[in-house]
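Letters A, B, ... mirror the listed sequences (proteins, then strands); counts begin at 1.
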There are 2 protein chains.
Amino acid sequence: MQVQAATQMSRFPAAALPLPPKAGAPVGTQMALRKGKELFAEGDEAEHFYKVVSGAIRSYKLLSDGRRQIDAFHLAGDIFGLEAGAEHRFSAEAVASALVIAYRRSRLPALIAEDSQFRDQVMSAMLRSLERAQDHMLLLGRKTAQEKVATFLLDMAERISDDDEHFDLPMLRNDIADHLGLTIETVSRTLNQFDRDGLIRLPAASRSVMLRNRAALERLNA
Amino acid sequence: MQVQAATQMSRFPAAALPLPPKAGAPVGTQMALRKGKELFAEGDEAEHFYKVVSGAIRSYKLLSDGRRQIDAFHLAGDIFGLEAGAEHRFSAEAVASALVIAYRRSRLPALIAEDSQFRDQVMSAMLRSLERAQDHMLLLGRKTAQEKVATFLLDMAERISDDDEHFDLPMLRNDIADHLGLTIETVSRTLNQFDRDGLIRLPAASRSVMLRNRAALERLNA
DNA sequence: CGTTTGCTTGACTATCGTCAACTTTTGTGG
DNA sequence: CCACAAAAGTTGACGATAGTCAAGCAAACG
């Protein structure tokens, strides 16, 4: 993947960032991504890591026959693409149009050593990823289809709801299915069942969702 | 959980450790754990984190009705129990007798700031956990029972085989099932099917395994 | 040596996946 | 802005994989 291939880019000084305080030095490169744009693929050299400014990114792994597991959706504020080794261990694409900042991986050791604030941010990003991963393993390994979808809805509500319990999902049914370890049909059936049962409202065929019975969803969240 | 409740403990100087080089200062507390001993439970205050010296630890989460997901088995050299917040996000127990070193969490920020070697070790431990978690999500969400068991066997072979393709599993069928998102019956059936098909050898009812057709297992590993 | 714990095996079932048709929505070009 | 095509989503019928329940066997443990 080439950062240079991005739709739009702009350099800007550290002052504009919540990140390191190197006065005036450019620390990251902002990129605007169109829907579906690939940031990097599994196996690519890990030249950069990223922070989401707006929009949504999916990171995923594939099996040789094409089965896909989306391990996370990254939303505004999330850091992703950090690697221990030289290669990316998963692929990443824009779910919908997104704005991200790319940081050169080669600068990571220096930044971490010198800048305690940056270090804390990276460490806690990693730990949060790990926590999410652990919660998600519980979901994938042990929850039923209904429980998976309920958990997903509550998680999304927490992350993107304008807190009247309404939000627009940035991803397709297909992405949801590949995130929850289900098929698109099961996701569709479960969501519509929830609608019929009054747990949520799916306004006519959009990607919008409204929680109508949070308590019932939380009961399914086990 | 009480570190003091451990079966045996001993303090020893840093020189004996591959960890920080603070000459002569005790940096960790070694603990001998009997099979089944709980190190900490989900929700406990995270006073310590740990490094496995020998044996095996399982870390897991529970649903309210008792369904369990073992997110990882920690073997010699692995670091676990690091948390972003004040509480442990999962429980940890000795799968079999084990020796671990406990480090006080309160010392973590200082150690990380001062000791670049320690910092690298912690960072790469976290990143390796994350990589393992990502691989495991792919397994849980998208692999069949056969593929799950094949992947598990190859992973264990890599981690504990005396490299004549033979090893003794430290964990019970039950643990394997809760790690792979299967039932104990399916694990048993799949292993015995592999035996019948000549992929592995299960010497009469022990916990020992011998790989007989690694290529076939790797094909299932997708 | 007997009891407990772990493992295996069989019969049956349920949940979720597959396949397929159809509807709705979105996007594009005239 | 309409018309059509493509993409996304829904629904139904059916089936397969893995789960449940149950019984029996083997190992380990005191």
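Counting only N and O atoms by type, the side chains of B/H166 and B/S161 include no donor and acceptor under 3.5 Å apart.
Ion pairing of B/D135 with A/R89 is present here, as a side-chain N (NZ or NE/NH1/NH2) and a carboxylate O approach within less than 4.0 Å. Ion pair B/D78/B/R159 flagged as a salt bridge, since at least one NZ, NE, NH1 or NH2 atom sits closer than 4.0 Å to an Asp/Glu carboxylate oxygen.
Map B/K35 and B/T144 each onto its nearest nucleotide of DNA chain D; the residue landing nearer the 5' end is B/T144.
Rounding to whole angstrom units, CZ of residue A/R67 and C1' of C/dC16 are separated by 15 Å. As rounded to whole Å, 8 Å separates atom P of C/dC16 from atom CD of A/Q146. The distance from atom CD1 of A/I184 to atom P of D/dT11 is 13 Å, rounded to the nearest whole Å. Rounded to a whole Å, the CZ atom of A/F194 is 18 Å from the P atom of D/dG9. Rounded to an integer number of Å, the gap from CG of A/L191 to P of D/dT11 is 11 Å. Per the geometry, NZ belonging to B/K148 stands 7 Å off P belonging to D/dG19, to the nearest Å. For the pair B/D178 CG and D/dG19 C1', the computed distance is 14 Å after rounding to whole Å. Between the CZ atom of B/R173 and the C1' atom of C/dT9 there is a distance of 14 Å, rounded to whole Å.
At the phosphate of D/dA18, neither OP1 nor OP2 sits under 4.0 Å from any side-chain N or O atom of B/T186. Within the 4.0 Å cut-off from OP1 or OP2 of D/dG9, not a single side-chain nitrogen or oxygen of A/N192 is found.
Just one residue in the list A/E42, A/R58, A/K61, A/R68 forms a side chain to side chain contact (heavy atoms under 4.5 Å, CB included) with A/S91, and that residue is A/E42. With A/M137 as reference, B/D71 is the one residue of B/L139, B/D71, B/I70 to meet the side chain to side chain contact (heavy atoms under 4.5 Å, CB included) rule.
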Report all interatomic pairs (protein N or O, nucleotide N or O of nucleotides 21-25 of chain D) with separations under 3.5 Å.
{"from": "D/dC21", "atom 1": "N4", "to": "B/E185", "atom 2": "OE2", "distance (Å)": "3.1"}

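Of the candidates C/dC16, C/dT9, D/dT20, the closest approach to any side-chain atom of B/S188 belongs to C/dT9. Nearest to the side-chain atoms of B/R196 among the listed nucleotides C/dG17, C/dT9, D/dT10 stands C/dT9. For B/R207, whose side chain is taken as the heavy atoms from C-beta onward, the closest listed nucleotide among C/dG6, D/dT20, D/dT10 is C/dG6.
The number of heavy atoms from other shown groups lying within 6.0 Å of CZ (B/R212) does not exceed 12.
Here the two rings, on A/H179 and A/F73, have centers that are under 6.0 Å apart.
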